[in-house]
Amino acid sequence: MPFDNLFQAQLDKLKEEGNYRIFAELERKCGSFPTVQNHGEGADDVTVWCSNDYLGMGQHPNVVDAMVEAVKAHGTGAGGTRNIGGTARHHVALEAELADLHGKEAALLFTSGYVSNWAALSTLGSRLPNAVILSDALNHASMIEGIRHAKCDRVIWKHNDPEDLDRKLAALPANATKIVAFESVYSMDGDIAPIEEILDVCEKHGAMSYIDEVHAVGMYGPRGGGVAEERGLMDRITLIEGTLGKAFGCVGGYVTGSAAMVDFLRSFASGFIFTTALPPAVAAAAAASIAHLKQSAAERDAQKRQVAKLRAKLDAAGIPHIDNPSHIIPVMIKDPVKCRQLSDILMDQYGIYVQPINYPTVPKGTERLRFTPGPLHTDADIDKLVSALKQLWQQCAIAHAVA
Ligand SMILES: *Cc1c(COP(=O)(O)O)cnc(C)c1O
């Protein structure tokens with residue numbers, strides 16, 4: 001077809017670099033996660049080691065029942081934007097649940113975490129007077145796109161470095177509205193931000209704080225409110241953003257904060273206003289998931305146990321991984337082709353699914369396999385994974401000292 005050569009040239013380049021993305025076609029079976037059916041090459045049943053359904057809530061009976069019952073009661077779609085016929089009782093109830101989770105006055109739902117970051121940051125940056133967004137150097141693509149779309153001044157500060165942030169805030173004009181955007185758990189290295197020090201700096205300079213807790217909600221804090229809840233810092237943060245799609249096992253995104261700020265975003269954010277609302281059944285399921293994780297620590301405790309076990313066994317096997325305080329275990333391969341090959345062999349020969357993480361998700365030369373153990377991985381699953389990696393490490397001559 002005309003123009004295909006233009007597309008193909010770029011795809012060929014990706015393939016040469018080893019960065020072409022290949023999806024695994026997998027079928028999750030309710031009740032047997034993290035074992036799933038593989039429709040591609042290799043074993044029929046594979047164990048998933050890279051899911052963001054971190055706690056298995058996507059198949060929790062309370063969550064499944066809530067969705068099924070709500071679909072039966074209310075049908076499938078929301079029927080419109082929130083303004084035109086799309087606000088359901090389940091949306092309102094879920095927003096109340098989220099505001100309560102984070103100890104904030106109000107919450108606003110979006111169709112995904114990506115959209116919530118994009119819409120909130122672009123609206124804050126474009127509407128607030130003399131806005132300047134100060135963005136951590138390793139922020140997620142959704143935040144970067146939101147900041148780009150805001151078309152306001154932006155400053156990148158060194159990753160997790162409050163002193164650099166302090167210097168950069170000090171250099172801004174007095175009349176600037178300063179917005180500091182960062183994450184709690186960074187999902188590629190699994191490191192956690194020094195939130196308290198960052199908030200000290202924000203308060204010193206009168207800056208708003210915007211935190212993405214996407215990889216923490218459900219999993220950290222006594223009620224699953226995230227790292228800021230765990231550290232008793234939620235009330236010092238202007239805006240907390242999260243997802244319903246990862247540990248909560250559904251789909252959707254949200255922001256929480258003051259009633260005035262949430263009303264401002266509700267009234268001005270294009271990415272909220274002009275799109276069909278989440279299906280009410282999704283909202284009902286997400287609310288059930290949040291409510292469960294607010295009062296149950298069993299999933300979080302079991303996740304912590306299995307994360308510690310996998311780390312210890314990798315250490316014993318001499319397989320280097322990034323040491324971090326989170327639930328994410330990155331094993332560095334540092335080569336895109338090798339990273340993809342290892343992932344293929346694990347899938348084909350061992351029934352283990354872990355997607356290679358290559359550029360542009362991470363910088364070139366830092367390619368990795370990223371393992372996320374959860375409460376539903378058994379000790380036998382962990383032993384099988386470590387023994388497979390041990391064999392491959394011997395075969396593939398991957399340096400043991402590369403962490
Ligand atoms: C996944 C992710 C998002 C987007 O959330 P979705 O609900 O998947 O769209 C936002 N921020 C970070 C840091 C993420 O990893």
Side-chain angles (χ1 to χ4, degrees), residues 21 23 28 50-55 57-58 63 94-95 98 101-102 107-124 133 135-149 156 159-160 179-193 195 198 209-220 224 226-228 237 239-256 265 269 271-272 275-279 282-283 285-287 289-290 324 326-330 355 357-358 360-363 368 370-372 374:
R21 289 168 187 242
F23 297 160
R28 285 157 59 96
C50 53
S51 176
N52 286 339
D53 185 359
Y54 291 122
L55 300 176
M57 293 306 286
V63 181
L94 174 56
E95 286 172 342
L98 288 164
L101 177 66
H102 294 290
L108 190 67
L109 289 171
F110 294 84
T111 46
S112 74
Y114 186 104
V115 172
S116 64
N117 272 332
W118 179 86
L121 281 167
S122 64
T123 306
L124 292 168
I133 301 180
S135 177
D136 182 285
L138 293 190
N139 274 345
H140 187 256
S142 55
M143 299 169 91
I144 295 170
E145 286 299 324
I147 295 165
R148 199 199 313 259
H149 193 73
I156 313 293
H159 176 58
N160 278 351
I179 305 158
V180 173
F182 62 108
E183 302 180 22
S184 57
V185 177
Y186 285 84
S187 70
M188 291 303 139
D189 286 350
D191 53 336
I192 299 183
I195 303 174
I198 291 170
S209 47
Y210 182 118
I211 194 170
D212 172 322
E213 288 250 44
V214 159
H215 289 280
V217 289
M219 293 174 282
Y220 295 80
V227 181
I237 301 173
L239 185 154
I240 300 175
E241 183 270 348
T243 184
L244 306 170
K246 290 174 181 167
F248 292 129
C250 298
V251 69
Y254 65 88
V255 300
T256 65
L265 292 172
F272 171 79
T275 189
T276 300
L278 287 174
V282 168
S289 183
I290 294 162
N324 66 46
S326 76
H327 59 284
I328 293 164
I329 306 179
Q355 183 70 343
I357 308 280
N358 285 354
T361 308
V362 294
R368 65 198 66 186
R370 175 180 164 277
F371 299 94
T372 56

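In what follows, every heavy atom counts, from backbone to side chain, and hydrogens, waters and symmetry copies are set aside. First listed ligand is number 1; within each ligand, the first listed atom is number 1. Bear in mind the structure is a predicted one, so any value in this text is a computation, not a measurement.
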Exercise for review: From the options I211, I195, V217, select the one residue that forms a side chain to side chain contact (heavy atoms under 4.5 Å, CB included) with V227.
Suggested key: I195
Point to revise | Closest non-hydrogen atom pair, V282 against V251 | key: CG1-O, 3.3 Å
Review point. Can you tell me how far CG of L138 sits from CE of M143, rounded to the nearest 0.5 angstrom?
Key: 11.5 Å
Revision key, fill the gap. Contacts of D191 meeting salt bridge (charged side-chain N to carboxylate O under 4.0 Å, His left out) (sequence neighbours excluded), chain-then-number -> none
Check your understanding: For Y254, what residues pass the ring-ring contact (aromatic ring centres under 6.0 Å, His included) criterion, not counting sequence neighbours?
Key -> H102
Review point. So which pairs with a foot in residues 138-147 pass salt bridge (Lys or Arg N to Asp or Glu O under 4.0 Å), sequence neighbours left out?
Key: E145-R148
Check your understanding: Contact residues of ligand 1 with a heavy-atom cut-off of under 4.0 Å?
Key -> S112, G113, Y114, N117, H140, S142, E183, D212, V214, H215, T243, K246, G252
